[in-house]
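First comes the structure, then the notes that go with it.
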Amino acid sequence: MARATARHILVDSEAKCQELKAEIEGGRDFAEVAKEHSNCPSGRQGGDLGSFGPGQMVREFDEVVFSGELNKVHGPVKTQFGYHLLEITSRS
């Protein structure tokens, strides 16, 4: 079964998500931005979600995590929780 590791940042608005994505693409560290801005408890660990398989996260996550480019910031991805930036750190 496929496995992936990823980290994310959860915020309330698409505009904030875009702003943070621009900061990261401009050179800011993903983990530091997550610690400062993420509404998810994982933010304290730099947004790290650990390892998971298909179906363990919401559908919108799976669509990105199991098909997107590795080590690239994806998003905004809208879920019932808000807007996410996702970075896939590994996949097997």
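Small disclaimer: the values here were computed from a predicted structure and weren't measured. All residue numbers in this chain count up from 1 along the given sequence.
Residue pairs meeting the ring-ring contact (aromatic ring centres under 6.0 Å, His included) criterion with at least one member in residues 18-59, sequence neighbours excluded, do not occur. Applying the side chain to side chain donor-acceptor pair (under 3.5 Å) rule to pairs touching residues 63-76 yields R59-E63, sequence neighbours excluded.
Residues L20 and L10 do not share a hydrophobic cluster, clusters being chains of Ile/Leu/Val/Met/Phe/Trp/Tyr side chains in contact below 4.5 Å. Hydrophobic cluster membership is shared by L86 and M57, with clusters built from Ile, Leu, Val, Met, Phe, Trp and Tyr side chains linked at under 4.5 angstrom. Note on L70 and I9: separate hydrophobic clusters, where clusters join Ile, Leu, Val, Met, Phe, Trp and Tyr whose side-chain heavy atoms are under 4.5 Å apart, directly or indirectly.
Between K21 and L85, the closest heavy-atom pair is N-CD1, 3.6 Å. Heavy-atom minimum distance, V65 versus A4: CG1-CB, 3.4 Å. Listed here is the closest heavy atom pair of A2 and P54: O-CD, 3.3 Å.
In terms of modelled atom types and a separation under 3.5 Å, the side chain of R91 and the main chain of A6 share no donor-acceptor contact. A donor-acceptor pair under 3.5 Å is absent between the side-chain atoms of E36 and the main chain of V33, judged by distance alone. With D62 contributing its side chain and G55 its backbone, the two residues share a donor-acceptor pair below 3.5 Å.
From T5, atom OG1 reaches atom CG of L49 across 9.5 Å, with rounding to the nearest 0.5 Å. Here CD of E23 is found 12.0 Å from CG of D29. Values are rounded to the nearest 0.5 Å. Once rounded to the nearest 0.5 Å, the distance linking NE2 of H8 with OG of S42 reads 3.0 Å.
S51 and R3 share a side-chain donor-acceptor pair at under 3.5 Å.
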Side chains of residues 75-83: which donor-acceptor pairs under 3.5 Å do they make with residues two or more places apart or in other chains?
unit_1: T79; atom_1: OG1; unit_2: F81; atom_2: N; d: 3.1
unit_1: T79; atom_1: OG1; unit_2: H84; atom_2: NE2; d: 2.7

